[in-house]
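Read the structure below first, then the notes.
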Amino acid sequence: MYLFTFSLLGLFAIDDIFLKRKKYHLAFMLIAVLWIIFHDGFRWGVATDWKNYHDFFLICLDGDTSEFEIGYVLFSQAVRSVTDNYSVFLVIHAIIVYSLISRSILKYAVNPLFSFFFFYCLMLTYLGMNRQYISFAICIYAYRYIFDRRLYPFLFCIFIAFLFHKSSIMFVLAYFLNREFKTKILIYLLTTFALISLSGVMNKLPLSLFFLFGDNAGDRLSFYSETAQSGTNAILSLLALVKRSIWIILALIYKDHIKNKDEHYNFFFNLYFAGALMYMLFNNTMLHIIVARGILYFNIAEIFLIPYLLSVFKEGISKAVMFILVLIYGFLMVQKGMNFYKENLGIDIYRPYNSVLMDNTYDAMEQ
């Protein structure tokens, strides 16, 4: 399933980047969105937090609903009042999420089919985070209000997203990123945050400080600090920073040579840059697991930024080689994300792909 989807969307991306048959792009995008809705909506026992969300859906009308945000609770209850079929809920969830995301990709991506392909690579291993996926999709839809400088509709979107996942509050920063910053300021920030990250100073912060944000936040951080490796490994940190910086460095070097740069370029670059700074600051610290959820709203700018950078390379062998490298990069992201759960949980929550439409004996309650 994953290889087929990667290949299908990859073919659409090739058409978008090289063949440029614009008249087919809307049809290809529709096929891609419908396939991803099928891929996500009809999965069974696959991806993160399956049991938690599956069990909650079954009891959301008569059980304790304090576990999740009110927006997700009401959404679950609305569907559950009509049916007890969890697959119906997942399909409705997928339709909402991918409709919102694909609209912004079509509207703002310079190569929408490529961006949708890369979205799959980036987000596949976040599959199953039902609450944040909706929150995330609403924030992406809110791009239009940032570009139009409509503060109140933007804040309303953040409010709705917050009702599904509290991490969306970090996306408020995005409203102030639709501008151009001087290169020397960006380099200064990049260097400063990298040095802070490598110094390990963030791990010196007392845990008691975070109880100011509530007992729940403090308890959760205490748990993460005890179960996760919080020591700073300079070599691993450096490699992680290089990976995060590659697109930033290319953008800074070739920014005057980007052929399809439009009025949205600065926003997507700044959004990704802000995410990279946050990653650098909290990478390999006790806060990493918590902050990683919020950084997701910024990292998604990668799917919009890379097509701009591809335009730097001339048509022919150089562009083909760069495109192949991006494909490999995307495939490795998928593999790394999947293997993380297998290595850390001892079970593979993605493979094999199970569908409710298949004849399988998987019991969701056993996971």
Side-chain angles (χ1 to χ4, degrees), residues 1-10 32-57 68-69 72 75-76 79 85-102 104-105 115-141 161 164-165 167-168 289 292-297 299-300 302-303 329-358 360 362 364 366-367:
M1 174 64 78
Y2 307 118
L3 285 175
F4 174 80
T5 304
F6 181 91
S7 301
L8 176 67
L9 299 183
V33 171
L34 290 176
W35 178 256
I36 293 298
I37 289 173
F38 172 84
H39 176 291
D40 192 347
F42 290 100
R43 63 189 168 89
W44 192 258
V46 170
T48 62
D49 300 324
W50 172 268
K51 179 175 171 57
N52 290 341
Y53 285 125
H54 174 271
D55 291 357
F56 176 75
F57 176 75
F68 297 133
E69 289 87 346
Y72 185 78
F75 174 50
S76 299
V79 179
N85 189 323
Y86 187 55
S87 291
V88 173
F89 173 84
L90 287 180
V91 169
I92 295 173
H93 180 278
I95 290 173
I96 294 172
V97 166
Y98 296 117
S99 295
L100 292 174
I101 292 172
S102 61
S104 287
I105 288 178
S115 292
F116 197 78
F117 158 75
F118 207 72
F119 168 81
Y120 180 76
C121 297
L122 187 65
M123 296 299 298
L124 175 59
T125 52
Y126 292 96
L127 188 65
M129 300 191 316
N130 292 1
R131 290 145 53 224
Q132 190 170 13
Y133 240 86
I134 293 181
S135 175
F136 174 76
I138 294 171
C139 288
I140 291 180
Y141 180 82
F164 285 89
H165 204 277
S167 62
S168 60
I289 297 177
R293 290 293 186 97
I295 294 176
L296 185 61
Y297 301 91
N299 288 346
I300 195 61
E302 190 173 16
I303 73 172
Y329 172 66
F331 184 78
L332 291 177
M333 281 199 303
V334 171
Q335 290 297 312
K336 180 183 178 182
M338 287 184 170
N339 292 336
F340 171 83
Y341 291 98
K342 184 177 181 179
E343 293 167 0
N344 288 273
L345 299 180
I347 57 173
D348 195 333
I349 61 176
Y350 291 97
R351 293 166 291 206
Y353 178 88
N354 293 283
S355 170
V356 71
L357 303 178
M358 299 176 183
N360 62 71
Y362 185 92
E366 292 179 358
Q367 185 168 331

So which atom in H165 and which in E69 form the shortest heavy-atom distance, rounded to 0.1 Å? CA-OE2, 3.6 Å
Tell me whether S168 contacts the main-chain N or O of F136 through its side chain, where contact means a donor paired with an acceptor under 3.5 Å. no
Criterion side-chain contact (heavy atoms from CB on, under 4.5 Å) on T5 and I36, from CA distance to verdict: CA-CA 8 Å; T5 304; I36 293 298; 3.8 Å; yes
Taking side chain to side chain donor-acceptor pair (under 3.5 Å) as the test, write out the residues that go with Y297, two or more places apart. S135, S167
Step through it carefully: locate the ring centre of Y2, locate the ring centre of Y353, and say whether they are under 6.0 Å apart. yes
M123 and I101: CA distance, side-chain angles, deciding distance, side-chain contact (heavy atoms from CB on, under 4.5 Å) verdict: CA-CA 12 Å; M123 296 299 298; I101 292 172; over 6 Å; no
Please identify each residue that fulfils ring-ring contact (aromatic ring centres under 6.0 Å, His included) with F38, with sequence neighbours left out. W35, F42
Heavy atoms of other groups near F331 CZ, more than 12 under 6.0 Å: no
Between S115 (side chain) and I303 (backbone), is there a donor-acceptor pair under 3.5 Å? yes
side-chain contact (heavy atoms from CB on, under 4.5 Å) partners of N52, counting only residues at least two apart: D49
Result of checking L90, I95, V97 against I37 for side-chain contact (heavy atoms from CB on, under 4.5 Å): I95
Of all residues at least two apart in sequence or in a different chain, which pass the side chain to side chain donor-acceptor pair (under 3.5 Å) check with Y86? N130
Check G330 against C121 and note the closest heavy-atom contact, atom names and distance. O-CB, 3.7 Å
Applying the ring-ring contact (aromatic ring centres under 6.0 Å, His included) criterion to F56, which one of W50, F75, F68 satisfies it? F68
Just jot down the ring-ring contact (aromatic ring centres under 6.0 Å, His included) partners of Y120, sequence neighbours excluded, or say none. H39
Minimum heavy-atom distance between Y141 and S104, given as atom pair plus value: CA-OG, 3.4 Å
Output all residues satisfying ring-ring contact (aromatic ring centres under 6.0 Å, His included) with Y350, sequence neighbours left out; order by chain, then residue number. Y341
Please give me the minimum heavy-atom distance between F117 and G10, naming the atom from each residue. CD1-N, 3.5 Å
Partners of E302 by side chain to side chain donor-acceptor pair (under 3.5 Å), sequence neighbours excluded? W247, Y329
Heavy-atom closest contact (F57 atom, S76 atom, distance): CE1-O, 3.8 Å
Mind checking whether Y53 and Y72 have ring centres under 6.0 Å apart? yes
Acceptor/donor pairs from residues 332-340 side chains to any protein atom, 3.5 angstrom cut, sequence neighbours excluded:
from, atom 1, to, atom 2, distance (Å)
Q335, OE1, R351, NH1, 3.4
N339, OD1, R351, NH2, 2.7
N339, ND2, Q335, O, 3.1

Any heavy-atom pair between the side chains of I349 and V46 that's under 4.5 Å? no
Run the side-chain contact (heavy atoms from CB on, under 4.5 Å) test on R43 and L127 for me, step by step, so that the C-alpha distance in whole Å, both residues' side-chain angles and the decisive distance to 0.1 Å come before the verdict. CA-CA 10 Å; R43 63 189 168 89; L127 188 65; 3.8 Å; yes
Residues in side-chain contact (heavy atoms from CB on, under 4.5 Å) contact with L34, at least two apart in sequence or another chain: L30
Scan residues 91-101 for pairs that pass side chain to side chain donor-acceptor pair (under 3.5 Å), counting only residues two or more places apart or in two chains. D40-Y98
Determine whether W44 and H54 make a side-chain contact, defined as any pair of heavy atoms from C-beta on separated by less than 4.5 Å. yes
Using every non-hydrogen atom in the two residues, find where N85 and S87 come nearest and quote the distance to one decimal. OD1-N, 2.9 Å
Is there a side-chain contact between L100 and I138 (heavy atoms, below 4.5 Å)? yes
